[in-house]
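The structure appears right after this line, and notes come after that.
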2 protein chains.
Amino acid sequence: MNPEKVTSQQVAKLAGVSQSAVSRVYTPGASASKKTMLKVHKAAETLGYRPNSLARAMVSGKSRIIGLIVAYLDNQFYPDAIEKLSNSLQANGYHVLIFMASKTAEGLDSVIEEIMDYQVDGIIAASVALSSSLAQRCSSMGVPIVLFNRAQQDDGFSSVTSDNVSGGAKAARFLMEGGHTKIGYIAGWEGASTQRDREFGFVAALQQAGLKLHAREVGQFEMEQASSATRRMFATDAPDAVFVANDHMAFAVMDTLRFELGLRIPEDVSVVGYDDVPAASWLAYNLTTVRQRANQMVQETVRILLDQVEGNGDQDQHIAIGSPLIVRGSARKPKGY
Amino acid sequence: MNPEKVTSQQVAKLAGVSQSAVSRVYTPGASASKKTMLKVHKAAETLGYRPNSLARAMVSGKSRIIGLIVAYLDNQFYPDAIEKLSNSLQANGYHVLIFMASKTAEGLDSVIEEIMDYQVDGIIAASVALSSSLAQRCSSMGVPIVLFNRAQQDDGFSSVTSDNVSGGAKAARFLMEGGHTKIGYIAGWEGASTQRDREFGFVAALQQAGLKLHAREVGQFEMEQASSATRRMFATDAPDAVFVANDHMAFAVMDTLRFELGLRIPEDVSVVGYDDVPAASWLAYNLTTVRQRANQMVQETVRILLDQVEGNGDQDQHIAIGSPLIVRGSARKPKGY
DNA sequence: ATAATGTTTACATGCGTATGCAAAAGTCTA
DNA sequence: TAGACTTTTGCATACGCATGTAAACATTAT
């Protein structure tokens, strides 16, 4: 109950200089003599002074806050990404105001409004689709947005994803090379560009080899739904391989195949996922999957966003990071692996 | 490049009232007539006005920002907790500034300083130990701190954990009732109160039944280390049951037991974990574990913190939420389950 | 009708900092 | 040593809003 605020005024008085001198000492670009710097630092030290970021933001117009919107945290890919994003932004002197978007994207607009109220310098939207009216509003306020792991070509913002199309294709070719002919696909939420692109690449590669999708069910990126999708898919004319739109669902698929349907993986059925989340390498799953290179994705996201924030702002960019296939044990291996 | 800021001034002019009238319309407790409210709202609507949270924070001294410090995000328990915390705080009109603390806690002090620079109203530290000098500093600034899933009795802040001691005891009794006599323990990072309490409760319950810990290794809450701990523990005179300090490690333990050592679970060895993270119920693990009730923990954490923030601040509280044993298939079941 | 009360309003000020401007203090050259 | 620069400094102001104060207004009681 003793909120002793230390202001630059007090430091100035103690140091025997003006408030503006104190300010300049703490402002990178400003001019201050060695002497005053010393005096100010000493005074600041004894008083325990630290510049008030909020006041600084008010006058400078730059809050050094980045808004981060996330929908899912149960899919391990996102916590991982958040950690990396946060670290990278911290390293650049920015901080992260985090917002959970209800998965239904109902309140998304109001969430964004709230974010903007804090005068964020930029926004990263992970796995979230933005209405173009929102995008309009943000860009008119000069707040750049980068979509992380989701793409929307036409609107006014950048995006960073993995190369989902070619990733899907890689999965298809791997399964075909493994000798599979009855290949199923378990889709994610159809509204997601990741889902669409992965499926597109996958199906295109099958077709290119003269193969048709043997079965298709929708799992909505949720484990429960993926389980029922699996049951439906294997009820009649079971496929000999399944590509699942992400690892998170793939775990449910594998559990269902093994423990409910009594199938062996990969002897009876091959499973390939997408993301390469940490659990994919856990031996109980040992999942063959397409890796999203979170590090590069984060790096690009931060680079693009900060470029735009700091005014070196190029045009909107749409980046797709290469996505290698990680071969483990959940899918039959073609010769040569 | 057209950052058209709309201020309360402009709204006031358009509405034909004073700036303070506009402010009062947007300030819950303030008085404003129906007429002016209408005029102001209409003007605000057409201009697209929203109050600037930062300016508001400056003058009111309340930022409605809560700093959240997290160390790990690979253990699923924390993403889950973050999601719940964030939702709960958002529902109360607060927002979350998130900080990743390097696991080594080196830069923790500087992280806290940065947090404080943003004039946060309170701090939640998840799975992080604070130096008492830091605590000093925060409380002198009037910024309450709540430790989440970590306890430190003597210093000046509250904490919310599960009842780790009794949770550990439950695990011990369950294993003993299951007929195990050679019971091992794989510890987490020894600096963590959760680790200490779980082990204490576990060992105490064993002793109470006249049993001694058969083996003990340290896994540091990390999967790699947990795997090597398992190898060491089972190299000679293998136990017939293992209690692992958290689920995250337990998965590595189970994988190592099954796929490296060729042991069957629970026929050859029983495994019990702690946390009940989502993956514990995945059938590949189907882990018997002690549940940390994240919902209640979050609820209590937010309640305590906001009480203190909003001045109804009681004394520091140390809350331990009851932690039930969730019986699944990874440990041999005593009769009656 | 008037006084007494209760509501609503505008004015003015301050939150803590950055920054343009002009004066002051240094630095260098001839 | 004077003049021409360059660097440093203090002053004043502005950022956008909330709030204390006193005046204006509306409502009720007498």
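No hydrogens, no waters, no symmetry mates; every other heavy atom, side chains included, goes into these values. Below, chain A is the first sequence line, B the second, and so on; all start at residue 1. The shown structure was predicted, so the numbers you read here are calculated from the model rather than taken from an experiment.
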**Item:** Of the listed nucleotides dG16(C), dT19(D), dT9(C), the one nearest the side chain of Ser23(B)
**Value:** dT19(D)
**Item:** Minimum-distance nucleotide (side-chain atoms of Arg24(B) versus dG16(D), dC11(C), dG10(D))
**Value:** dC11(C)
**Spacing between Asn52(A) atom CG and dA18(C) atom C1', to the nearest angstrom** = 13 Å
**Request:** Could you tell me whether Val22(B) contacts a base, only the sugar-phosphate backbone, or nothing, with contacts defined as non-hydrogen atoms closer than 4.0 Å?
**Result:** nothing
**Prompt:** Expressed in angstrom and rounded to an integer, what is the separation of Arg50(B) atom CZ from dG16(D) atom C1'?
**Reply:** 15 Å
**Message:** In the structure I gave you, are the side-chain heavy atoms of Leu89(A) and His95(A) within less than 4.5 Å of one another anywhere?
**Reply:** no
**Request:** Output the single nucleotide from dT17(C), dG16(D), dA18(C) whose closest atom is nearest the side chain of Gln9(A).
**Result:** dT17(C)
**Message:** The side chain of Val59(A) is closest to which nucleotide in this list: dG10(D), dG16(D), dT17(C)?
**Reply:** dT17(C)
**Prompt:** Going by an N to O cut-off under 4.0 Å, is there a salt bridge joining Glu300(B) and Arg303(B)?
**Reply:** yes
**Asked** Between dT8(C) atom P and Leu38(B) atom CG, what is the distance in whole Å?
**Response** 15 Å
**Message:** Looking at the base of dA10(C), is there any donor atom on it, or on the side chain of Ser20(B), that sits under 3.5 Å from an acceptor on the other one?
**Reply:** yes
**Asked** For Arg56(A) and dA18(C), is the shortest distance between a side-chain N/O and OP1 or OP2 below 4.0 Å?
**Response** yes
**Message:** Quick check: Tyr49(B) with Tyr26(B) (ring centres under 6.0 Å apart)?
**Reply:** yes
**Message:** Reading DNA chain D from 5' onward, which residue's closest nucleotide shows up sooner: Ser18(A) or Met58(B)?
**Reply:** Ser18(A)
**Message:** Strictly below 4.0 Å: does Thr36(B) bring a side-chain N or O up to OP1 or OP2 of dT9(C)?
**Reply:** yes
**Fill in**
Interatomic distance, CD1@Ile124(B) vs CG@Asn149(B), rounded to 0.5 Å, equals 12.5 Å
**Request:** Any chance you could measure Tyr118(A), atom OH, to Ile65(B), atom CD1, to the nearest 0.5 Å?
**Result:** 5.0 Å
**Atom pair distance, as rounded to whole Å: CG in Asp117(A) and P in dA18(D)** = 11 Å
**Prompt:** Taking side chain as C-beta onward, heavy atoms only, is Val160(B) less than 4.5 Å from Leu147(B)?
**Reply:** no
**Prompt:** Which is true for Ser31(B) with a 4.0 Å heavy-atom rule: it touches a base, it touches only sugar-phosphate, or it touches nothing?
**Reply:** base
**Asked** Roughly how many Å is it from CD in Gln119(A) to C1' in dG16(C), rounded to a whole number?
**Response** 16 Å
**Message:** Could you work out how much the helix from dA1(C)-dT30(D) to dA30(C)-dT1(D) bends, comparing the axis of its first five pairs with that of its last five, to 10°?
**Reply:** 30°
**Prompt:** Think Ser8(B) has a side-chain N or O under 4.0 angstrom from the OP1 or OP2 of dC17(D)?
**Reply:** yes
**Request:** Let me know the distance between CG of Leu54(B) and P of dA18(D), rounded to the nearest Å.
**Result:** 12 Å
**Message:** Do the side chains of Glu113(B) and Arg137(B) get close enough for a salt bridge, i.e. N-O under 4.0 angstrom?
**Reply:** yes
**Prompt:** Rounded to the nearest Å, what distance is computed from the NZ atom of residue Lys13(B) to the C1' atom of nucleotide dA10(C)?
**Reply:** 17 Å
**Request:** Give the rounded distance in Å between these two atoms: NZ of Lys62(A) and P of dT19(C).
**Result:** 12 Å
**Prompt:** Mapping Lys35(A) and Ala21(A) to their closest nucleotides on DNA chain C, which lands nearer the 5' end?
**Reply:** Ala21(A)
**Request:** Measure from the side chain of Ala32(B), starting at C-beta and using heavy atoms only, and say which of dT9(C), dA18(D), dG16(D) lies closest.
**Result:** dT9(C)
**Side-chain N or O of Tyr26(B) closer than 4.0 Å to phosphate OP1/OP2 of dT19(D)** = no
**Polar side-chain contact Gln19(B)-dA10(C) base: donor and acceptor under 3.5 Å** = no
**Message:** Here's a test for you: under side chain to side chain donor-acceptor pair (under 3.5 Å), which of His318(B), Gln317(B), Arg150(B), Gln152(B) qualifies with Ser159(B)?
**Reply:** His318(B)
